[in-house]
K.L.:
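Would you mind keeping the following structure in view while I ask a few things?
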Amino acid sequence: MGIGELDREAHVPEATSAGAAPRTLAEALRARGDEGLAALLRARPDLLSPVPNDLTQLATRAGTRGSVVRALDRLDRFALQTAEALAVAPDPAPYPVLLALLTGDEGDPVIEAALPGAVALLREQALVWGEDDRLRLVRTARELLAPSPQHPSPTGLGPTVAEATAGMSPGRVQEIIATAGLTATHDPVSAVAALTGLFTDRARMGALLDEASPEALSVLDRLVWGPPYGEVTANPAPPVRWLRDRGLLLPVSARTMVLPREVALHLRGGRAHRRPEPVAPVVEVARDHRPQVVDSAAAGQAYTALATVEELLKSWDQGGPQVLRAGGMSVRDLKRTAATLDVSEQVAAFWLELCFGAGLLASDGEADERYAPTPAYDDWLDLPPAERWALLVAPWLTATRTPGLVGGQDAKGRTLAVLGPDLDRAPAPEVRHRVLELLATLPPGAAADPGTVLARLRWERPPRGAAQPAPPRAPQTAAGADETPGPASEAAGDLRSRLARWTLAEAELLGLTGRGALASPARALLNLPLAEAATPTDHGGRVELSVASGRAATLLAPLLPEAVDHVLLQADLTAVAPGPLRRPLADALAVLADVESKGGATVYRFTPGSVRRALDSGRSASDLHDFLAAHSRTPVPQPLAYLIDDVARRHGHLRIGAASAYVRCDDDTVLGEILADRRSAAMGLRRLAPTVLAAQTDPASLLDGLRSMGYAPAAESAEGDVLVTRADAYRTPARTAPAPVPEGPPVPDTTLLGAAVKAIRAGDRAATAVRKEPAAPVASAGGLPRTSAAETLATVQAAAMTGSAVWIGYVNAEGAASQRVIAPVRVEGGFVTGYDHTADEVRTYPLHRITGVAELADDQV
């Protein structure tokens, strides 16, 4: 960016003299110390992309619209209200004027105590500059926050008298001041000044309003807090005409009137906001529990979370639902998954996104693309329960994917699908952290009131524009005054509030909270004190998340129920697991029986189908009897032993092979029964031999069809051997978990901040160094010095001998021009080597790329 293109606020031709008030934002930044510049770059990291060449460029970048919008969006409510008050104040505004706009005529000691901090915050972020007697809001912020018909101000104020009368005829202005009882003037400027003086004089303004009728005052009351605009008819009612004739309402168009800012401030008692909020709302306690109760409840929910994830992914062992063409799962598959888990569709979407974010679930990438568990799921199953839990909650804490959006619509009206695109919301990790940190400010065992948590978050990051007044409405119609709503309330559905509500629900599902209170493992995960509540303030001092999750797992492990290695067999063909089963036993029992009910004690039911499933996996009847006898604390009931023997006796009696398919059986009467059964008609069966039937369907369909008819066939290979269908799981290729989508550039660390401040300082010293004027100065269009090759060589050689610094113009290999201050130490072979004060390092430059050189007036470096 050339010098001529710099913004007025940023451009500075020379360094600020010591002790002088800054005239521009660049001068204000130049007067800061290194810590002040580092604080600005930490609060607004977008200013570092890339690192500015000097402070003038930093000031220019700090005033760009995109950067200012990001900075305003990260202000708390009172700091934003302070900026909004400055936007409607005179420019520049003395500190007492700003204070009066926030406290009003009556004053407010709480606001008086909080305002210096808000102004300091705005100064730190380069949104406000200047001394207290001349506070200036950066021009871009003023344009964003100042009231206009297209963008009403959150203050509800309208334009000033001067702005509202800008297009009015001089005669009409003279009529207004005459009706208002003022002396006629010789020009419109003095007339507007006289009217403004009347409206800002409390005594004279009070006397003027004493003459108004109650109806006229009622119209003003409806407009005073905004919106200040209203429609009128061609023949306004007498109260409106009275206000219009005295300038208390000024015309914006033929049908629209506006309440001038000075009039509104008088009616408000000098306040710019109806409800200034200098103090953050307190997070209140809804219920108190013993910390041990909270930890136990959270641990129980953590165990349920592990069981739910395992049940979900086990149901997809042979491959999950197909991937939609646009990405994600269909609504039908989501409903089926919710029915499987016995939860709502929204909760099912949360579990699916949790598995996806932890890298346990992905698409297989095949032509007929499906979802399936990843190889990482098998490794996850081999870990202890507490470590499995930590591997779920750590990715959840940093994920930007937001399952709460599933079922909603994107900007184009398309439904957002679970596991699909467009579910990333960059503020999600920050909101999750902050919600849990707010819960941690309460004493251990205390459950927060969710409403106060949301109120605190809205204060810390108010949704800018949500509290703006409604669009212009009419203050009256031909029949009289029309009803005008008050200021619009804050949007209930803003993103951060929804993220906070989802965080509270998801934290309970994961076991980070128990009965609404933060549990000890969650405190460890956030690296918070465990014995007492504390408000974390130093985010830069956090330990690594992996270390914190390890601490959380260590705290959770003793709270989880221990795995058991036995079941209790019942005479009604059920088995009761008195606790979580160890992995081998759980896997084997899941094949042999079906889960009938879940909870603290899981109930399994044995059925002919489940026993046949175990036989299909390669187990024999004797294997099943031995397995049950070894793992049951009660004797094997006789009905269960009969069931296993009966299914095993019939298992494999029929053999299915590929003909397309065939059925063979040593008992030809059984084949006769099959042919005679009407349900077999769809299989296209015909007898090839007394013991063989051919089918017109594939072997898998034939197996399913005969099983649905009540038979127990077994598949066989081409050699006639029984095929063992083991429960080998289908897995995707190795997949990495989805990376979070950051919200802008990351916050720079201390090392980067120090290097950036050092580079900006060096570049600024080079840019503001005073140069000697040559006898016949010739400069390029970009401001770089122009000297001949001989003059350049002679000047740098002289500087190398004297050890002085010079100012050079340099064009690199890409053609980019820059100016630098260097101290030459060696000139030879067509190159000059010296200390570059701009880059703060020793560099070598080809002489043919130096456009020119000039001596410095004195040693500026």
Side-chain angles (χ1 to χ4, degrees), residues 300 303-304 306-315 317-318 339-343 381 385 560-654 667 670 673 679 703-715 722 724-727 729:
Y303 170 73
T304 302
L306 296 178
T308 302
V309 169
E310 189 173 341
E311 179 184 4
L312 168 63
L313 296 181
K314 185 178 292 184
S315 67
D317 257 349
Q318 301 306 315
T340 300
L341 300 179
D342 193 21
V343 296
L381 283 176
L560 293 175
E562 294 186 7
V564 298
D565 60 354
H566 64 275
V567 295
L568 305 175
L569 296 178
Q570 308 291 321
D572 60 350
L573 298 180
T574 60
V576 178
L581 298 177
R582 293 183 178 176
R583 177 63 48 204
L585 174 58
D587 292 341
L589 195 60
V591 176
L592 180 57
D594 298 324
V595 175
E596 186 170 81
S597 65
K598 296 174 289 187
T602 305
V603 177
Y604 295 85
R605 178 165 293 280
F606 300 93
T607 65
S610 67
V611 174
R612 190 203 68 241
R613 185 171 63 231
L615 296 173
D616 285 343
S617 68
R619 297 287 191 97
S620 64
S622 59
D623 293 337
L624 298 182
H625 285 300
D626 294 341
F627 169 79
L628 294 175
H631 293 94
S632 175
R633 289 290 178 87
T634 58
V636 178
Q638 194 175 51
L640 178 56
Y642 286 167
L643 174 64
I644 294 174
D645 292 338
D646 183 58
V647 174
R649 186 166 45 253
R650 295 184 292 112
H651 185 263
H653 194 50
L654 297 177
D667 188 351
V670 174
E673 292 176 1
R679 292 175 293 175
L703 274 169
D704 293 339
L706 291 178
R707 284 171 178 169
S708 66
M709 295 170 61
Y711 297 95
V722 174
V724 175
T725 56
R726 300 187 184 276

K.L.:
What's the separation between atom NE2 in H625 and atom CG in D645, rounded to the nearest 0.5 Å?
P.N.:
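Here the rounded value is 3.5 Å.
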K.L.:
Check whether any side-chain heavy atom of L573 sits under 4.5 Å from a side-chain heavy atom of Q570, and report yes or no.
P.N.:
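No - every pair of side-chain heavy atoms lies 4.5 Å or more apart.
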K.L.:
Do you know the tightest heavy-atom contact between R605 and S610?
P.N.:
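What the structure gives for the nearest pair is O-OG, 4.1 Å.
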K.L.:
Within the 4.5 Å heavy-atom criterion, are R613 and D594 side-chain neighbours or not?
P.N.:
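Yes - at least one pair of side-chain heavy atoms lies under 4.5 Å apart.
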K.L.:
Examine distances only and state if a side-chain atom of S620 and a backbone atom of D623 form a donor-acceptor pair shorter than 3.5 Å.
P.N.:
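Such a contact is found between S620 side chain and D623 backbone.
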K.L.:
Taking side chain as C-beta onward, heavy atoms only, is L628 less than 4.5 Å from F606?
P.N.:
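In short, these two side chains touch, coming nearer than 4.5 Å.
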K.L.:
For residues F627 and L589, report the shortest heavy-atom separation together with the two atoms involved.
P.N.:
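Here F627 and L589 meet closest at CZ-N, 4.2 Å.
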K.L.:
Distance check, rounded to the nearest 0.5 Å: R649 atom CZ versus D646 atom CG?
P.N.:
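Rounded to the nearest 0.5 Å, the CZ-CG separation comes out at 5.0 Å.
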K.L.:
Is the shortest heavy-atom distance from the side chain of I644 to the side chain of V636 under 4.5 Å?
P.N.:
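They are not in side-chain contact.
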K.L.:
In Å, rounded to the nearest 0.5 Å, how long is the span from CG of L643 to OG1 of T607?
P.N.:
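OG1 of T607 is found 7.5 Å from CG of L643.
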K.L.:
State, with a plain yes or no, whether a side-chain heavy atom of V611 is found less than 4.5 Å away from one of H651.
P.N.:
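No, side chains not in contact.
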K.L.:
Can you name the closest pair of heavy atoms from L615 and A648 and give their distance?
P.N.:
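Closest approach of L615 to A648, heavy atoms only: CD1-CA, 3.6 Å.
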K.L.:
For L569 and P637, work out which heavy atoms get closest and say how close.
P.N.:
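Looking at all heavy atoms of both residues, the closest pair is CB-CD, 3.7 Å.
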K.L.:
Quick check: do V576 and T602 have side-chain heavy atoms less than 4.5 Å from each other?
P.N.:
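Not touching, per the 4.5 Å side-chain cut-off.
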K.L.:
Nearest heavy-atom pair of K314 and A590: which atoms, and what distance?
P.N.:
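Minimum heavy-atom separation between K314 and A590: NZ-CB, 4.2 Å.
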K.L.:
State, with a plain yes or no, whether a side-chain heavy atom of Y604 is found less than 4.5 Å away from one of V567.
P.N.:
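A side-chain contact under 4.5 Å is absent here.
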K.L.:
Counting only heavy atoms not in D342, do more than 12 fall under 6.0 Å of its CG?
P.N.:
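Counting other residues, nucleotides and ligands, CG of D342 stays at 12 neighbours or fewer.
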K.L.:
Between H631 and D565, which heavy-atom pair has the shortest distance, and what is it?
P.N.:
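Heavy atoms only, the tightest pair is CD2-O, 3.6 Å.
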